[in-house]
Structure formats: C-alpha cells, structure tokens
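For reference, the structure is listed below as structure tokens.
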There are 2 protein chains.
Amino acid sequence: MSDRRREPGQTSLADIAAEAGVSVSTVSRIANGDLGRASAATVEKVQRLIAERGYRPNPVGRSLRGGESRLVAMLAPNLDNPAMAAIAASTEAALRAAGYVMVLCDTHDRPDLQDEYLRAMRSRFAEGFILVSAVASAELEASVKRGEPIVFVNRRNPYGGGAFVGIDNRRAGADAADYLLDCGVRAPAVIHPAELSSTIRERVEGFIDRLRERRPGMAVRRAEGAGANHLDCGYAAALSLIAAGGWPDGVLCPSDLMAYGLFRAARERGGRIPDDCRPVGIDDNDLNAWIAPWLSSVKIPYRAFGERVVACLLALRAGTLDGEVLLGHELIRR
Amino acid sequence: MSDRRREPGQTSLADIAAEAGVSVSTVSRIANGDLGRASAATVEKVQRLIAERGYRPNPVGRSLRGGESRLVAMLAPNLDNPAMAAIAASTEAALRAAGYVMVLCDTHDRPDLQDEYLRAMRSRFAEGFILVSAVASAELEASVKRGEPIVFVNRRNPYGGGAFVGIDNRRAGADAADYLLDCGVRAPAVIHPAELSSTIRERVEGFIDRLRERRPGMAVRRAEGAGANHLDCGYAAALSLIAAGGWPDGVLCPSDLMAYGLFRAARERGGRIPDDCRPVGIDDNDLNAWIAPWLSSVKIPYRAFGERVVACLLALRAGTLDGEVLLGHELIRR
DNA sequence: ACAGTTTAGGCAAACGTTTGCCATGGTCAA
DNA sequence: TTGACCATGGCAAACGTTTGCCTAAACTGT
C-alpha cells in the first residue's frame, strides 16, 4: 500500500518545529529538558506548543535512533498457571512504575518458542529480559554469553550465573516436611513430574533430606507422573502412587497445581483429603484461601516478586549486580 | 551515552548489501520476495548471504517506515482472573500463528491506565487493539471515532458498535435459571457487584426474566457487594444476602469468582454448599473441574476466543467486518 | 541501423528521533 | 581594537526499512 496514512493525533517534533518556526533539533532539546540551549522566549513558546498539541516522543523513532525503547520482555512458560499470572501482574505494575512497558510472551515451555521470542524481542530493542522458569535453548545461551540483561525468576539460569529472583526451594521443601511431621504423618510420600526442573528437584530434595534428618529410618515413597501441565502430572502421579501401595498419610506436592491433581484423584478414588491423606503444596495460590481449605501450602510471595525483579533488572543494566535475591516464604496452615 | 553499541548478532540490510556488492534497495527487494528485479546470479548470491548471516528484517525500521509493526495490543482488566488468563493465552497463540506479537497490558480496570496504554501502543504503531472488558475512557472514545481496528471481548464497546466477541449473556443467565429450577430450587437469589457492567447486567436480567417466565409469582432475592475484585464482591454480597434473610436454596453467581466468594462466606457461616445452597456460576474456569466439584457453571469457551478474536481483527483491518461473534456456551453440571 | 522495450539495479526520500558540530552575533576584558 | 567566550540555534548524519523514480545497458522487431 503506497498511501501511508499519517497516524492521526500523533504530533511529531517536525509539527511542533514548523509551528514554532524553529528547527527540529531545538524542539527535541527542549522536549528533553535541555533548556539552556534556547532563549527563554523560545523555550516558553515551544513548551506551550508541546503541551497544547499533546506531543509525546515517538518510542519507535527513539528506538531506531539507538536510544531507549522502554521495552522489557517477560517470557513465561504459560499464563494459565495462577503463579505465573501473579508474577506477571506484579512485574507489570513495577515496570510501569519505572516507566517501562512489558511485553508478555507465552513460551509454552518450548525451547523453540523461547528462542523465537528472544530473537523477536531483541530485534525490537527490548532493554531487558525476564525469564520465568526458563528452559535451556541455543538463543538463550547466546544471550547469556553476550551479557544481555536477563533476570531469571523461579528457575535458575540453565547456563549458570546471572541474576535470579526466587525463594530458597530446599528450605521450602524442608518446611513442608516439618509441617507433615508435626501433623503426625508416619508414611509420607512425594509426587513430582517425570522430568525434574531444578526448582522442583530442590524442593523434593529439601523435603526428603529433612525427613531423613528428623526420622532416620523413615521410608519416603515417591511417584512421578507425566502430563502437559502440573495438574495432569499430579493426577497421574497420585494414581500411580496409590496403585503402588495405597494412600500415604501425607504427601508433598511441589506445586499447588499438582496438589489439585491429587485432590481430583482422591475424589475419584474415594480417598479423603485431608483426613486420610494430608497434602502440602508449594506456591499457595491466592485462590486457595477461597476454595481450597483442605490445602496447606508454602506461600511464595509472588506479588512481591515484581518489585525485586525490576530492581534487579535496573541494577543489571547499571552494571552493579549479578547476584541472587531470595525472598522469604511462609507455610500457611489450613 | 554516545557509544551506541552495535547490537551484536543483528545483521542489517546494509551489511548484506555491502558484502554482496549491491545496493540496499536490491537486498530489500530480494528479501521481500521481489525476485524479478535482479539477475538470477544476484538473487542467488543475496539469498545465500541472507541465509548465512541469518538476516531478519528489523521490525523497528519497518514500523518507522510506516509499514507494519506486527504488533497487537491486548488490554485486559487484570491478569489474576483465570478467565482473563485463558483469553490472553488463546489469543496470544492465535496471534503468533498469524505472525503477530501480542503485547499484554494490565489496565486494572482503570480508565486512566486504559488511556495510557492506548496511547503508548498507538505510538508504537500497534496494528490493532483487543480490549477485554473495556471501560469507558476519553482515549477509547477517540480511538473508536477514528475507526482504529479494535475488537471488544466479553464486554461491548461502551460507545456502541464495533467488533465484539463474546457469548449471549442473557441466554447464559437463562440457562442458569433453568438449571436451578430443574434442581428443584424454590427460593432463588442472585448476587452481583455493586456497579453493574453490561455483561453482568445481561446475565442477571436473563436469569431473572427466565425465572419470572417459568414461575410467574416466584420471589427472587438480590444482593450486591462491593470489593476490588469479584472474589470480595461475592463474599460481601453473600454475607449481606444471608443477613437479610438467611440462605437461599439456589443462587446465581454471574462469575465464578463470585461463586468462590460465596463459598468462603458459606464456610465461615456454616452454610452447606451445595446441599443447602446450590450455586451456579458463569465462566467455568478450568480449575473448577479439579477443585470446585460443588460448582456447576456455564462454560464459556475462552480457549476458543483467541481464534475468533484474531479472525475479527484481520477482517476489521481488511475492512470486511463490523459485526458480532457470539460463541456457544454450555452448562456444566457437577 | 534505429526506435522501442525490457532488464538490472542504483538514488534518494521518508518515517521520528538524538546529538556532535558549525555558524552567527553579541558581550566582555585587556 | 581585537581576541575570547557565550548564547542561540541550525545542519546533517545516523538508526533500518521500503519504494517511486531514474538510468544505463542490453535486447527486440523492422
């Protein structure tokens, strides 16, 4: 199409400059607060026009020029998971407060999509990346090597190092173990997905180690389940658990979604939760307080993640950080 | 900063052109598939270089030039609501399949934020807008007037007209009424937020009209509740309902979140759900199947929304549509 | 041989911004 | 008087693309 319609209502520097009878450079400088480069009269006139016409600098022009894009990309494995939604929402708010716009990309936990979004966002001059539960992928490795500003959330950088925001997963698992023991559980179990991410592995290890520490001889049953998401995984793992040896009296579900899967399995198989089998989750989705009174869970302060993630990103860009931020967690008893 | 670092790994048309010994125009044309404008040898050479260097057109340059940005903005009132997450996820997938990148903006249901994002996205040359549960706002009115491509989802254009994707809310409310009557409910009620959006109003009206139609003399109690979200609204409304006249034996919750609020109120006040008080929701969040076996709900096919929304948007941009798309719903009995 | 057409490809403008550098003209001190 | 310095502001390049127009050279038909 050759009829490039002028976007209506979008005032450009040139428009202001023409009307004020000055050059584009002058307007640009004044718009950017460099007031010492023009006479008071000019400054006043240009500022008035800027206000009247509602001029806002065009971010695309800026980006192209090589300056800032005010764009930050968040890559998350799936928006359906309430935990992801909570992280996304809080990060979006924090970024907006810092003057950034967040682009949210759903990678569906697929390395190829993660790569595609990494490329797409880089070519849009994203000033930073927030990778929630990242998976290993070629483009990510290249980005890490190039030292691009990336904050990893929930799951650590698969290539080591880098900024990280999350919790102490081993401790969370240990706290869950303490809780079950304090409830008098004698035949505990743990369910988990067939492929273990570092996050889940740490939680499970922390759980088991604490059990062994406090009850040296205690047997801990384990079951894994396959599935596209943690709901299905939890369901499958629970079924295989009871098929192998009946219901345990307590079970660690390393994510709330897995606990939901367990709950469904119990309902279908006549297991009574939490009376016969007490689950303990990790996440503590906000919805739990409303509709899952049977689920005690380690609360991860996802709503507080946003601020920390943004602080990390800013520090990263300023070259003043390459550390880890571990937020506190708290077991919610229900 | 004056040291504008050349983005690494980003090949430009100029790079290819220099290496091939041809002009930028020639490379651009070949990259865009206009193969008739160069000799076979040149085409071959340039194509080889494009492949070797992994050249990808820079979307920012393209946007600025006035062409396409491949950017679509979705403005949603909050990411926490599972229904929004479902819509966002399916739309993102459909847009990606169509070659677009979706920017997800959380408006927190605030007109000022909606305006801010509308402006920000327009100045980034967004090619279309998807407004989920839009609120009235000055910038929206202006956008509608200018005829920008906007698809409204869930809630209709507050200024009338425009493309819309949603369900027949009156019928959904009527179906809920049928369900309660079929369950033998004799003292029904409805709870809703203090301020009624068009969506909620239609559902409530459809519900009440159907009750009156089938049981002319039947009294229908109503209670409203205030709160920042539907969970709180539902909770508050339920409390005020029972304070006014005890538990109804059936109650329409015009969104699942309100039903969750009711559930909590019942738990705290000793109401037995669904035995004493049978709720019927609208939405049927995916999680219901797992952890809310007490909730029958009208399933809205949010996962199917994405495709329709994108089809609408494309048609809108092609100038071939200005209609409504109503998807079917189905009451899920639990 | 010559006019006309096709082929192959370059030039330059435009999108909106930022910024280093240059050009006036004036003021001030020695 | 002259050199230095400051105030004011414009020029132009650069970022990466796309595309209308132009120009050669090489064909084609008669």
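Being a predicted model, the structure only gives us computed values, none of them experimental. To find a chain, count down the sequence lines: A is the first, B the second, and so on, and within it residues start at 1.
Under the salt bridge (charged side-chain N to carboxylate O under 4.0 Å, His left out) criterion, the residue pairs touching residues 88-99 of chain B are B:Glu92-B:Arg96, with sequence neighbours excluded. Residue pairs meeting the salt bridge (charged side-chain N to carboxylate O under 4.0 Å, His left out) criterion with at least one member in residues 33-49 of chain B, sequence neighbours excluded, are B:Arg48-B:Glu52.
Atom CD of A:Glu68 and atom P of C:dT19 are 9 Å apart (whole Å). Taking atom CZ of residue A:Arg62 and atom P of nucleotide C:dT17, one finds them 8 Å apart after rounding to whole Å. The distance between atom CD1 of A:Ile30 and atom P of C:dT17, rounded to the nearest whole Å, is 14 Å. A:Arg122 places its CZ atom 15 Å from the P atom of D:dG16, with the value rounded to the nearest Å. Summarising the geometry, the separation between CZ on B:Arg124 and P on C:dT17 is reported as 13 Å, rounded to the nearest angstrom. Distance A:Leu13 CG to D:dG10 C1': 15 Å, rounded to the nearest Å. The CZ-P distance, from B:Phe125 to D:dT17, rounds to 16 Å in whole Å. Atoms CG (B:Leu64) and C1' (C:dT17) sit 8 Å apart, rounded to a whole Å.
For A:Arg303, the side chain to side chain contact (heavy atoms under 4.5 Å, CB included) test picks out A:Ala86, A:Ala89, A:Asp286, B:Asp80, with sequence neighbours left out. Residues that satisfy the side chain to side chain contact (heavy atoms under 4.5 Å, CB included) test with B:Arg308, not counting sequence neighbours, are B:Val165, B:Val325, B:Leu327. Residues satisfying the side chain to side chain contact (heavy atoms under 4.5 Å, CB included) criterion with A:Ser197, sequence neighbours excluded, are A:Arg155, A:Thr199, A:Ile200.
You'll find that the side chain of A:Ser28 is closest to C:dT19, out of D:dT17, C:dT19, D:dG16. You'll find that the side chain of A:Ser25 is closest to D:dA12, out of D:dA12, C:dT17, D:dG9. For B:Val22, taking side-chain heavy atoms from C-beta onward, the closest of the listed nucleotides C:dG10, C:dT17, C:dG16 is C:dG10.
With 3.5 Å as the limit, one finds no donor-acceptor pair spanning the side chains of B:Asn58 and A:Ser123. If you check the side chains of B:Ser28 and B:Ser25, you find no donor sitting under 3.5 Å from an acceptor.
Contact annotation for B:Val60: no contact, since no heavy-atom pair falls under 4.0 Å across all strands.
Within the 4.0 Å cut-off from OP1 or OP2 of C:dG9, not a single side-chain nitrogen or oxygen of B:Thr26 is found.
Remark: B:Asn32, B:Arg37 in residues 32-52 of chain B come within less than 4.0 Å of DNA chain D through at least one heavy atom.
Summary of the strand contacts: B:Val24 and B:Gly61 both lie near DNA chain C, and taking for each the nucleotide with the nearest heavy atom, the more 5' one is attributed to B:Val24.
Evaluation of atom-type donor-acceptor distances gives a pair under 3.5 Å for the side chain of A:Arg29 against the base of D:dG10.
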